[in-house]
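Below is one structure, written out as structure tokens; comments come after it.
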Amino acid sequence: MSFAPGILEGKSAVVTGGATGIGAHIVRMLGSLGANVGIVSRKESNLIAAANAFKTDNDIDVKWQVGDVRDPEAMKAVMTSFAEELGNIDILICNAAGNFICPTEDLSWNGWRTVIEIDLNGTFNCCQAALPYLKEASDGGRIVSISATAANFGWPGAAHAGAAKSGIQNLMKTLAVEWGSYGIRANYVSPGPIEGTEGVDRLIIAQGKSEQVLERIPLGTFGEGKDIANAIVFLASESGKYISGAELAIDGASQWVR
Ligand code: NAP
């Protein structure tokens, strides 16, 4: 770890979708640096297994709540419970998402709507639900949402995710402006392909596309979960205090290859 030990001591963070993949890397990093962390997602079994692993592997006690980010009332209840359990919510990481590859001409209304509801509407629901607590954060509340560099361009086969992630980018810029007077910083991190995740395993490796994708990454490798977690800590800690409405792309420069 490349940050000073304890730099997030006294901070409380909620990570949506924090039981798996990139979210779990973020939880480990925030918890290891001293933050109290809560995770929320739909599957209780995921949450219990992750909480046990965080304790066994990293000696981090993580609070968890079952909840669907698509449900605004449920998210209000979840954020209120976390604020009580954790002491407040100083940092909100909107990471929960769904995606699948489908040409737009074959994409069903239900498929389109589901991804928009989880990724974009879910991010809105969580930001609004956490707002009363983020306003109370002593050094200014921090929101970091996870977008994707693919959403900065056309994303063939992922019109739903591309539209949702682009929407998240503008939502963060708008919240940076609207909620700046509350001291809240709203930014987004845009990963390229990150190894060891459901996204890369299912959408790239299982489709036999690894070599093709790696050829288009100037740094020559997939990213790692800790690369995203490092960016989150930078934005959520004292280092990021004057950064709001910004994108931090973590993709080995792959977005610039055409
Ligand atoms: P992942 O392991 O599939 O994580 C997604 C998480 O979201 C799961 O823990 C899931 O938990 C939760 N979730 C899904 N729908 C939900 C809902 N309706 N309500 C609450 N929680 C829900 O995926 P990942 O690959 O680590 O991706 C993490 C983030 O990075 C996503 O925002 C993704 O778009 C972004 N990203 C990933 C990559 C990559 O290479 N992997 C690249 C670019 C961007 P439950 O099933 O328990 O609900």
Side-chain angles (χ1 to χ4, degrees), residues 14-28 38-51 53-54 62 64-75 77-79 92-101 113-126 129 144-153 155 158 160-169 171-172 188-207 209-210 213-214 217 221-229 231-232 247-252 254-255:
V14 172
V15 182
T16 71
T20 64
I22 291 173
H25 283 276
I26 295 169
V27 171
R28 277 203 187 87
I39 57 176
V40 55
S41 72
R42 297 162 303 176
K43 295 184 193 125
E44 186 172 279
S45 55
N46 276 356
L47 293 161
I48 293 173
F54 295 140
V62 167
W64 57 267
Q65 301 264 342
V66 174
D68 191 322
V69 296
R70 291 172 285 188
D71 181 341
E73 293 312 313
M75 283 307 104
V78 160
M79 295 303 166
L92 171 67
I93 310 301
C94 297
N95 165 77
N99 193 10
F100 59 93
I101 297 298
R113 186 186 60 180
T114 301
V115 172
I116 298 287
E117 281 185 350
I118 299 173
D119 296 21
L120 179 56
N121 299 356
T123 299
F124 166 79
N125 292 337
C126 292
V144 186
S145 291
I146 312 297
S147 181
T149 49
N152 292 333
F153 303 91
W155 190 355
H160 42 7
K165 296 294 193 183
S166 295
I168 288 170
Q169 297 186 0
L171 178 61
M172 292 304 105
Y188 57 99
V189 163
S190 300
I194 303 301
E195 70 181 10
T197 62
E198 159 80 11
V200 164
D201 289 347
R202 186 166 46 86
L203 305 180
I204 297 175
I205 297 172
Q207 316 274 334
K209 291 187 176 163
S210 297
V213 172
L214 283 167
I217 302 177
T221 60
F222 292 127
E224 299 178 58
K226 70 178 179 192
D227 296 325
I228 309 303
I232 299 284
E247 172 178 50
L248 191 39
I250 304 162
D251 70 342
S254 54
Q255 66 176 313

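Keep in mind the model is a prediction, meaning the values are calculated, not measured. We count ligands from 1, going down the list as the structure has it; atoms in each ligand are counted the same way.
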(message) Considering S147, S45, G199 one by one, which has a heavy atom nearer to atom 44 (C) of ligand 1 than any of the others?
(response) S147

(request) For V200, take its heavy atoms, then give the atoms of ligand 1 lying under 4.0 Å from any of them. (result) 40 (O)

(message) Check this for me - ligand 1, G98, N or O atoms closer than 3.5 angstrom, yes or no?
(response) no

(message) Measuring from atom CH2 of W64 to atom CD1 of I48, what distance do you get when rounded to the nearest 0.5 angstrom?
(response) 4.0 Å

(request) Decide whether an N or O pair under 3.5 Å exists between D119 and ligand 1. (result) no

(message) What protein heavy atom lies closest to atom 34 (O) of ligand 1? Include the residue and the distance to one decimal.
(response) K165 NZ, 2.9 Å

(message) When you measure from the heavy atoms of N99 to every atom of ligand 1, does any distance fall below 4.0 Å?
(response) no

(message) Quick test: of every protein heavy atom, which one is nearest to atom 13 (N) of ligand 1, and how far off is it to 0.1 Å?
(response) A96 CB, 3.9 Å

(message) Check this for me - ligand 1, T197, N or O atoms closer than 3.5 angstrom, yes or no?
(response) yes

(request) Under 4.0 Å from a heavy atom of D68: give me the atoms of ligand 1 that qualify, with their elements. (result) 17 (C), 18 (N), 19 (N)

(request) Please state which part of N46 comes within less than 4.0 Å of ligand 1, counting heavy atoms only: side chain, backbone, both or neither. (result) side chain

(request) Going by heavy-atom distance to atom 42 (C) of ligand 1, choose the closest among G192, P193, A158. (result) G192

(message) My understanding is that we take every heavy atom of each candidate and find the minimum distance to atom 20 (C) of ligand 1. Doing that for G17, G18, G67, G21, which one comes out nearest?
(response) G67

(message) Could you identify the single nearest non-hydrogen protein atom to atom 27 (O) of ligand 1 and state the distance to 0.1 Å?
(response) I22 CD1, 4.2 Å

(request) Compute the shortest N/O to N/O distance between A148 and ligand 1 and return yes if it is under 3.5 Å, no if not. (result) no

(request) State whether any protein heavy atom lies less than 4.0 Å from atom 23 (O) of ligand 1. (result) no

(request) Note the single closest protein heavy atom to atom 8 (C) of ligand 1, along with its residue, its atom name and the distance in Å. (result) T20 OG1, 3.2 Å

(request) Would you mind checking which non-hydrogen protein atom is closest to atom 29 (C) of ligand 1, with the distance to 0.1 Å? (result) N95 OD1, 3.1 Å

(message) Using a 4.0 Å cut-off to any heavy atom of E198, which atoms of ligand 1 qualify?
(response) 3 (O)

(request) Could you grab the distance from atom CG of D68 to atom CD1 of I118, nearest 0.5 Å is fine? (result) 7.0 Å

(request) Return yes or no for this condition: an N or O of I194 is under 3.5 Å from an N or O of ligand 1. (result) yes

